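Basis for what follows: all heavy atoms, side chains included, without hydrogens, waters or symmetry-related copies. Below, chains carry the letters A, B, ... as their sequence lines are ordered, and counting in each starts from 1. Note that the coordinates shown come from a computational prediction; the quantities given were computed from them, not determined experimentally.
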4 protein chains.
Amino acid sequence: MSNNFKISGVVPPVVVPDTPDRKLDVASYERNLNRMIDAGVDGLFVLGSSGEVVFSTDERREEVIRESVRIIDGRVPLLVGIIDTETERVIEQGKRAAALGADALVATAPFYALGGATENEEHFRILHDELDLPIFAYDIPVCVHTKLGWKMLAKLGEEGVLAGVKDSSGDDISFRYLCQANAKAGHPMSVLTGHEIVVDGAYLSGADGSVPGLANVEPEGYVRMWKAAQAGDWATVKAEQDRLNEISHIFDVTSGLQGYAGGVGAFKTALWLMGIFDSNQMPRPVKAMEGANVEAIRTVLAENGLL
Amino acid sequence: MSNNFKISGVVPPVVVPDTPDRKLDVASYERNLNRMIDAGVDGLFVLGSSGEVVFSTDERREEVIRESVRIIDGRVPLLVGIIDTETERVIEQGKRAAALGADALVATAPFYALGGATENEEHFRILHDELDLPIFAYDIPVCVHTKLGWKMLAKLGEEGVLAGVKDSSGDDISFRYLCQANAKAGHPMSVLTGHEIVVDGAYLSGADGSVPGLANVEPEGYVRMWKAAQAGDWATVKAEQDRLNEISHIFDVTSGLQGYAGGVGAFKTALWLMGIFDSNQMPRPVKAMEGANVEAIRTVLAENGLL
Amino acid sequence: MSNNFKISGVVPPVVVPDTPDRKLDVASYERNLNRMIDAGVDGLFVLGSSGEVVFSTDERREEVIRESVRIIDGRVPLLVGIIDTETERVIEQGKRAAALGADALVATAPFYALGGATENEEHFRILHDELDLPIFAYDIPVCVHTKLGWKMLAKLGEEGVLAGVKDSSGDDISFRYLCQANAKAGHPMSVLTGHEIVVDGAYLSGADGSVPGLANVEPEGYVRMWKAAQAGDWATVKAEQDRLNEISHIFDVTSGLQGYAGGVGAFKTALWLMGIFDSNQMPRPVKAMEGANVEAIRTVLAENGLL
Amino acid sequence: MSNNFKISGVVPPVVVPDTPDRKLDVASYERNLNRMIDAGVDGLFVLGSSGEVVFSTDERREEVIRESVRIIDGRVPLLVGIIDTETERVIEQGKRAAALGADALVATAPFYALGGATENEEHFRILHDELDLPIFAYDIPVCVHTKLGWKMLAKLGEEGVLAGVKDSSGDDISFRYLCQANAKAGHPMSVLTGHEIVVDGAYLSGADGSVPGLANVEPEGYVRMWKAAQAGDWATVKAEQDRLNEISHIFDVTSGLQGYAGGVGAFKTALWLMGIFDSNQMPRPVKAMEGANVEAIRTVLAENGLL
């Protein structure tokens with residue numbers, strides 16, 4: 001696949017609503033997508049880590065892609081996560097996503113089995129050979145427990161293997177080096193940050209855009225931040241980030257929850273309280289937030305004018 | 001599913017041969033299974049971490065189970081790994097394995113998404129509710145990055161949720177506590193160690209058996225060790241373990257390989273050199289061992305009388 | 001220093017009592033040492049991780065060594081921990097300990113600054129060159145965050161650089177390989193396990209002895225276990241370990257405590273409840289156990305006949 | 001100690017030159033300090049992680065402080081690292097540093113012994129009570145293996161326990177939250193980043209200054225970057241950071257070196273090649289860079305106009 005797909009700006013990773021009995025809540029999903037598109041986002045990334053990809057059966061993944069294609073209807077590019085353990089399984093996910101209408105595919109390093117840089121590089125080369133859509137490398141060591149080296153990513157970009165990188169590594173040094181190397185090589189890749197709390201720093205580092213989960217809750221702010229960054233108005237960029245970070249305390253005002261339950265759970269609970277989702281149900285084996293945790297999130301939303 | 005499935009003794013995790021073009025090499029596979037059954041193993045565990053489970057598409061997994069059922073033909077129990085990221089996907093794997101003839105199912109903690117003890121416990125409870133076969137918890141933090149606490153495992157055993165534990169945690173303290181707690185509870189679970197280098201210590205700790213990958217290479221030794229342990233002949237147990245550990249240096253005489261490539265790669269290369277496998281091919285994106293690494297393994301095998 | 005110091009059997013790491021105002025409680029300390037010597041231990045290890053070494057100023061360390069030499073009075077060998085960050089500082093600790101009468105010195109890998117195997121090996125070679133006492137390598141990655149490779153340890157033993165190893169790595173595979181390599185080399189080193197919960201497995205692996213913190217609480221059991229192991233009576237070894245492990249639940253019946261506070265805190269609280277220590281005071285910044293945690297430990301001791 | 005010490009701008013962590021026989025090379029040290037002060041830095045931080053603190057005996061630490069006080073002669077504030085394992089030892093380091101003329105003290109969380117947030121907080125409270133100089137918390141989990149939570153740091157700042165934070169955590173999210181919380185509290189603390197590759201992002205986050213090791217090699221760039229940030233000229237800030245990052249490749253052009261040997265080793269080798277240091281000697285057990293690694297660094301310096 002030739003590497004001429006470019007994307008920049010705000011590309012939220014889409015949070016997926018469940019009905020109480022854990023079906024895809026299509027009506028809520030449609031509201032969420034339309035709201036972000038109306039706010040001016042530049043693309044949508046479905047079946048990412050926040051998009052329940054690893055909780056979803058293949059059938060459910062297909063439903064999510066199909067509904068996304070239908071709802072988006074070409075208004076913005078659709079990036080689809082093809083997250084699975086090792087190469088052959090990822091290829092299968094990629095072929096299904098391509099057949100259903102994805103515009104680009106987002107794959108992590110292999111996980112579960114232990115490997116290293118050699119296997120990671122080979123993995124992306126094979127994906128590029130086997131799949132007919134642009135490939136984004138999704139660098140998310142907190143989930144896959146391996147960090148993609150910036151030198152390898154830059155090389156794969158220069159060779160046309162990768163169309164871009166979605167960086168959720170939490171390693172802003174590596175990200176900075178990647179942006180500089182990509183710029184030196186003539187900017188072949190779209191380099192996006194998933195680091196929603198410091199998007200401003202990533203833009204200053206040279207990022208082409210962001211993939212902020214929090215944009216499900218407040219898309220307008222991320223859109224404004226991107227426009228301000230494009231205009232070189234860094235005071236506005238920073239002020240907008242500061243403001244969004246106040247909303248992000250939905251992550252840390254709850255208690256007794258770990259990882260996904262507290263993170264994506266906060267998004268779902270906020271969207272439910274805001275009337276965009278009809279439920280804050282979570283996929284098994286995760287429990288939906290209840291009681292004081294819901295109230296704590298309600299308070300954050302109220303304090304930030306979101307209710 | 002009632003929890004009255006018991007297994008003890010040696011239950012090797014089966015290494016899977018690939019043809020050079022990465023199809024399942026059924027003839028080699030049959031030789032490997034028959035050789036272990038003839039040596040007297042007490043069960044076989046397919047689609048474990050060493051059994052390429054995460055490298056295998058669902059179709060390939062089905063082929064492995066189907067061929068295993070055909071070859072084993074009821075001679076020993078068949079445990080099948082149903083390794084996938086989160087609960088709904090694991091349930092699907094479990095239903096397929098059950099339909100194809102597995103005797104028991106082996107599931108890890110959820111992985112990729114971040115969770116905690118609450119999610120782990122709920123996960124096994126759901127698997128028990130949804131699947132009609134005995135469930136073994138597969139404790140393998142090196143792959144799933146979460147450790148199953150022995151208190152939780154013992155409780156789930158006592159309640160009949162788990163039929164057993166396959167411990168590959170590398171934590172012999174936790175294993176010891178688990179064995180003692182299981183014994184105190186009337187021994188509801190079969191507790192197996194995957195720790196092939198210190199099976200002797202695990203037997204002394206009270207393990208019901210072992211799941212040693214190295215038994216693909218040398219099954220007789222592990223069978224003798226188990227019989228000696230049953231007879232209380234600990235000098236023989238230790239001597240046999242010492243001898244097997246010399247063979248295990250196939251893991252550390254190679255260079256330039258990490259994780260799966262050096263571990264399962266060593267098994268495949270040894271089985272190929274010993275004439276049991278027709279190739280040492282590895283699944284993508286892993287490369288098969290070559291050159292000096294193959295020769296280093298050949299030397300270990302020769303020094304230990306296996307060629 | 002020539003490497004002809006040998007030690008085997010039970011060598012408890014000595015827990016240190018504090019007065020309420022955090023002075024060394026010499027009377028309690030003397031009771032604790034004499035009790036262990038009377039029980040038949042084969043040596044004592046002071047200023048180990050459980051011996052408050054990193055909490056102690058140099059002056060306090062000197063006081064501990066001086067009192068230990070006085071109390072022990074040659075009845076058993078005295079091993080002294082010379083724990084400090086990097087080589088020059090460790091040498092200073094070693095010279096002071098040697099001058100005060102230590103029989104052997106126990107040093108970890110360097111810590112805080114990031115290094116690797118090259119620096120670890122060089123470190124022990126320098127210690128051997130600069131210090132006039134036998135050197136034991138203390139393998140404790142949970143504290144120093146680097147694992148000493150068994151091949152390097154075996155090599156340093158064979159070359160006479162190391163007199164022994166005190167293994168608190170929690171890696172029983174590496175320990176097993178080390179014991180086998182040391183035996184093959186003619187057994188130049190004394191290899192001791194710090195793994196108090198699975199000393200039985202370590203003895204079966206070929207350990208020369210153990211360094212169990214729990215022997216401060218119940219020294220007789222560890223002495224009996226060692227004698228049984230020497231006699232090849234593995235049923236007794238296992239039964240004794242099982243019994244000691246029941247006592248070890250003093251570690252896991254408390255709540256709200258982490259690391260040192262719950263581990264060494266449990267030892268101190270048990271020794272206080274048993275009348276050997278006059279207080280369960282902890283060094284700053286750690287708080288002494290109180291209330292329900294003390295009662296939980298009292299219950300474990302009572303159930304095991306130690307009150 | 002009241003918390004009215006404020007510092008902002010560029011505060012390099014001073015790299016320390018050794019003579020070939022590993023004495024402090026006072027002449028080289030003086031050149032290095034004067035060069036940074038002449039370039040306009042706003043303070044100097046000695047005995048930090050890059051300043052060989054954990055390699056230095058107490059005597060050597062005293063020599064470094066004494067020479068620093070003499071050379072600096074009041075031209076800029078002197079921050080001194082009082083790095084040691086646990087509270088009592090850190091207090092001793094702090095009292096010595098205060099007596100020798102430090103203006104502020106920089107302490108990490110306790111390390112080696114396992115603790116948690118409770119112990120970390122208590123530790124800083126005790127240091128504040130016992131020492132008569134402003135205390136900076138040095139957040140460096142890569143060395144101490146514990147992360148200081150931003151909520152705790154902000155609270156300790158608000159209560160006057162901490163005068164500031166030196167953040168080398170690599171966690172830019174936590175840093176951002178800390179800056180925002182400190183601003184909301186009326187800005188009681190000086191919050192400095194040690195993240196030399198993304199100082200620009202840290203300034204945009206609201207940092208009061210930076211502690212960049214690379215400023216030993218190129219102080220003028222960091223001084224210009226700070227002035228541009230103060231002026232709101234973010235294009236210049238970014239351009240300067242981009243340029244400095246090219247120099248920072250002295251860290252990644254070498255091979256066969258880990259951690260300190262490759263990091264501080266690169267600084268020392270650069271300063272030696274630039275004629276500021278008379279040797280690139282390293283403290284034991286670390287070896288000085290040689291051969292191709294030296295040449296690789298020379299090339300980077302030459303390409304960036306530093307030779």
Side-chain angles (χ1 to χ4, degrees), chain A residues 141-142 147 149-152 154 167-184 193-207 212-214 225 228-229 231-249 251-253 263, chain D residues 141-142 147 149-152 154 167-184 193-207 212-214 225 228-229 231-249 251-253 263:
Chain A
V142 72
K147 173 80 184 80
W150 65 268
K151 289 186 178 180
M152 179 190 79
D167 182 279
S168 297
S169 71
D171 182 340
D172 56 348
I173 293 176
S174 160
F175 186 79
R176 180 58 174 260
Y177 281 132
L178 175 61
C179 288
Q180 289 190 235
N182 191 47
K184 272 196 206 173
T193 180
H195 234 176
E196 62 207 345
I197 306 304
V198 283
V199 167
D200 55 350
Y203 287 167
L204 195 61
S205 281
L214 194 63
M225 208 196 319
D233 176 4
W234 294 99
T236 296
V237 170
K238 174 187 168 39
E240 198 64 60
Q241 182 73 69
D242 279 347
R243 194 182 67 80
L244 289 162
N245 289 353
E246 296 301 326
I247 302 169
S248 80
H249 290 301
F251 298 143
D252 63 33
V253 291
Chain D
V142 73
K147 173 81 184 80
W150 65 267
K151 288 186 179 180
M152 180 190 78
D167 181 280
S168 296
S169 71
D171 182 341
D172 55 349
I173 292 175
S174 160
F175 186 78
R176 180 56 175 261
Y177 281 131
L178 176 61
C179 289
Q180 290 189 233
N182 191 47
K184 272 196 208 174
T193 180
H195 235 176
E196 62 208 342
I197 306 305
V198 284
V199 166
D200 54 352
Y203 288 166
L204 195 61
S205 282
L214 194 63
M225 208 196 318
D233 177 5
W234 294 99
T236 296
V237 171
K238 174 188 167 41
E240 198 65 59
Q241 183 72 69
D242 279 348
R243 195 183 66 79
L244 289 162
N245 289 353
E246 295 301 325
I247 302 168
S248 80
H249 289 300
F251 298 142
D252 64 33
V253 292

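A 4.5 Å side-chain heavy-atom check between A:Lys151 and D:Asp252 finds at least one atom pair inside the cut-off.
Between chain A and the options D:Arg176, D:Gln241, D:Lys238, the largest number of non-hydrogen pairs under 4.5 Å is found for D:Arg176.
Between the CG atom of A:Leu204 and the OH atom of D:Tyr203 there is a distance of 12.5 Å, given to the nearest 0.5 Å. For the atom pair CD1 (D:Ile197) and CZ (A:Phe175), the distance works out to 15.0 Å, reported to the nearest 0.5 Å. Here the CZ-CD1 distance, from D:Phe251 to A:Ile173, works out to 9.0 Å after rounding to the nearest 0.5 Å. Taking NE2 of A:His249 as the start and CD of D:Gln180 as the end, the distance is 6.5 Å to the nearest 0.5 Å.
Contact of A:Asp171 with chain D is not made at all, since no heavy-atom distance falls under 4.5 Å. When heavy atoms are compared at a cutoff of 4.5 Å, A:Tyr177 approaches chain D solely by way of its side chain, counted from C-beta outward.
Between D:Ser205 and A:Val198, the closest heavy-atom pair is OG-CG1, 4.4 Å.
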